[in-house]
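Note on naming: letters A, B, ... go to the chains in the order of the sequence lines (proteins, then strands), and numbering restarts at 1 for each one.
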Protein chains: 2
Amino acid sequence: MFSQACKYAIRAVLYLAVHASKGKKLGVKEIAAALDVPKYFLAKILQQLSRNNLISSAKGPSGGFYLSEKNVEASLKDVVECMDGPDVFNACILGLPVCSSENPCPLHIQAFAYREGLHYQLKHQAIGDLAKRIEREEQKI
Amino acid sequence: MFSQACKYAIRAVLYLAVHASKGKKLGVKEIAAALDVPKYFLAKILQQLSRNNLISSAKGPSGGFYLSEKNVEASLKDVVECMDGPDVFNACILGLPVCSSENPCPLHIQAFAYREGLHYQLKHQAIGDLAKRIEREEQKI
DNA sequence: AGATAAAAGGACTTTTTTATCCTTTATACA
DNA sequence: TGTATAAAGGATAAAAAAGTCCTTTTATCT
């Protein structure tokens, strides 16, 4: 479903949402260690998220990554599309160039409901709200 | 979700279910042309499916691929697991090593329905039945 | 101003996936 | 029995994804 980079991105964003803030930035090293993820690869991913204004960063001593108030309002759908492109939730499950409700591939019906469901959920939940649930339920990231 | 090889495999199997039979075998070349898929790559995929008894084949003149009566009773879940391994429908969407209903990742609830629903549908529908529907509704493969 | 810390960016390597080609084996049929 | 046909199998090539390293830029603090 998601590329490795996208998985790391989602986890990093959620980790930042829970553990960082403008006053408490986190460096790549810390995040990579906490998530048990390759450090340099994660650095690239955070760069990309930062360039696309999905996370915030500061250089220099006491610098690092965090989520601004604006960032917290975005959704994981934005993160996913930033990493894996805009078609993740629309592409045909069999890779057919044309596949829609009018012109469905043999698995369209089976795949549509579920994919669309995930899409909807990721789209309509703010990262900040998700983070609150994660804290409340003490979920691992 | 599925690897390219897996997508080709699903399409090839359905194509055989609709267009081939023991009395009317199809060669790689024909199938590849019909599906607009790389020929040699498809050959490898058909080999693998054949080795795992998900499709049938015959060498020599008037040889080719087809589905036996047994093959037709299998499900696309078998095809998918043959190509992408047994964990496709169980693996955590974020790649976490432990992720279950008891110990859910932050996206477990959202993803579970999606994956499990597709899994169920692919598992409980025989390839032969799917093929009938494809013919009836004149769907593209 | 100088030293240090951390992200940004570019270049590169490794691994995996996708795709191609060539040789061998099996079989049908004249 | 020889020839042609088609899958099976092995080896390799090309492309994409994952992962690493090095240099530059920006900021902080003394």
**Student:** Distance check needed: dT20(C) P versus Gln4(B) CD, whole Å only.
**Tutor:** 12 Å
**Student:** Classify the nucleic acid contact of Leu26(A) as base, sugar-phosphate or nothing, counting any heavy atom under 4.0 Å across all strands shown.
**Tutor:** sugar-phosphate
**Student:** Could you state the atom-to-atom distance from CZ of Phe41(B) to C1' of dT16(C) in whole Å?
**Tutor:** 12 Å
**Student:** Within this structure, what is the CD1-to-C1' distance between Ile55(A) and dA7(C), rounded to whole angstrom?
**Tutor:** 10 Å
**Student:** For Leu42(A) and dA6(C), what is the distance between atoms CG and P respectively, to the nearest whole Å?
**Tutor:** 15 Å
**Student:** Could you check if a side-chain atom of His108(B) sits within less than 4.5 angstrom of a side-chain atom of Cys105(B), using non-hydrogen atoms only?
**Tutor:**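 Heavy-atom side-chain distance check passes, below 4.5 Å.
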**Student:** Using the closest heavy atom to pick a nucleotide of DNA chain D for each, name whichever of Phe2(A) or Gly64(B) lands nearer the 5' end.
**Tutor:**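 It is Gly64(B) whose nearest nucleotide is closer to the 5' end.
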**Student:** For Arg115(A) and Val88(A), indicate whether the former's side chain and the latter's backbone hold a donor-acceptor pair under 3.5 Å.
**Tutor:**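 No.
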**Student:** Is it the case that Asn103(B) and Ser100(B) place a side-chain donor and acceptor less than 3.5 Å from each other?
**Tutor:**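 No, no side-chain donor-acceptor contact under 3.5 Å.
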**Student:** Classify the nucleic acid contact of Ile45(B) as base, sugar-phosphate or nothing, counting any heavy atom under 4.0 Å across all strands shown.
**Tutor:** nothing
**Student:** CG of Asn53(A) versus P of dA7(C): gap in Å, rounded?
**Tutor:**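 To the nearest whole Å, that distance equals 17 Å.
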**Student:** Shortest non-hydrogen contact from Tyr66(B) to Ser57(B)?
**Tutor:**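 Looks like CE2-N, 4.1 Å.
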**Student:** Could you report the tightest heavy-atom contact between Asn90(A) and Pro86(A), atom names first, then the distance?
**Tutor:**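 Reported closest heavy-atom pair: ND2-O, 3.6 Å.
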**Student:** What are the 5'-most and 3'-most nucleotides of DNA chain D lying under 4.0 Å from any heavy atom of chain B?
**Tutor:**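 Here the contact window of chain B covers dA4(D) to dA11(D).
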**Student:** Is Leu76(B) close to Gln125(B) at the side-chain level, that is, under 4.5 Å between some pair of heavy atoms?
**Tutor:**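 The answer is no; the side chains never approach within 4.5 Å.
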**Student:** Between dA6(C) and Ser62(A), is there an OP1 or OP2 to side-chain N/O distance shorter than 4.0 Å?
**Tutor:** no
**Student:** Quick check for you: among dT27(C), dA6(C), dG9(C), whose closest atom lies nearest to any side-chain atom of Gln47(A)?
**Tutor:**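 The answer is dG9(C).
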**Student:** Quickly work out the Tyr40(A) OH to dA6(C) P distance and round it to whole Å.
**Tutor:** 14 Å
**Student:** Can you tell which of dA19(C), dT20(C), dG10(C) lies closest to the side chain of Lys44(B)?
**Tutor:**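 Looking only at side-chain atoms, Lys44(B) lies closest to dT20(C).
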**Student:** Sequence neighbours left out, cut at 3.5 Å: what donor-acceptor pairs do the side chains of residues 1-9 of chain B make with other protein atoms?
**Tutor:**
{"residue": "Ser3(B)", "atom": "OG", "partner": "Cys6(B)", "partner atom": "N", "Å": "3.1"}
{"residue": "Ser3(B)", "atom": "OG", "partner": "Asp84(B)", "partner atom": "OD1", "Å": "2.6"}
{"residue": "Gln4(B)", "atom": "NE2", "partner": "Tyr8(B)", "partner atom": "OH", "Å": "3.3"}

**Student:** Could you check Lys59(A) against Ala5(B) and say which one's nearest nucleotide on DNA chain C is further toward the 5' end?
**Tutor:**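 Closest to the 5' end, via its nearest nucleotide, is Lys59(A).
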**Student:** What is the nucleic acid contact for Ala43(B), judged by heavy atoms within less than 4.0 Å: base, sugar-phosphate only, or nothing?
**Tutor:**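 Answer is nothing: Ala43(B) stays at 4.0 Å or more from every strand.
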**Student:** If each of Ser3(A) and Gly60(A) is mapped to the nucleotide of DNA chain D with the nearest heavy atom, which maps nearer the 5' terminus, i.e. the 5' end?
**Tutor:**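 Between the two, 5'-proximity favours Ser3(A).
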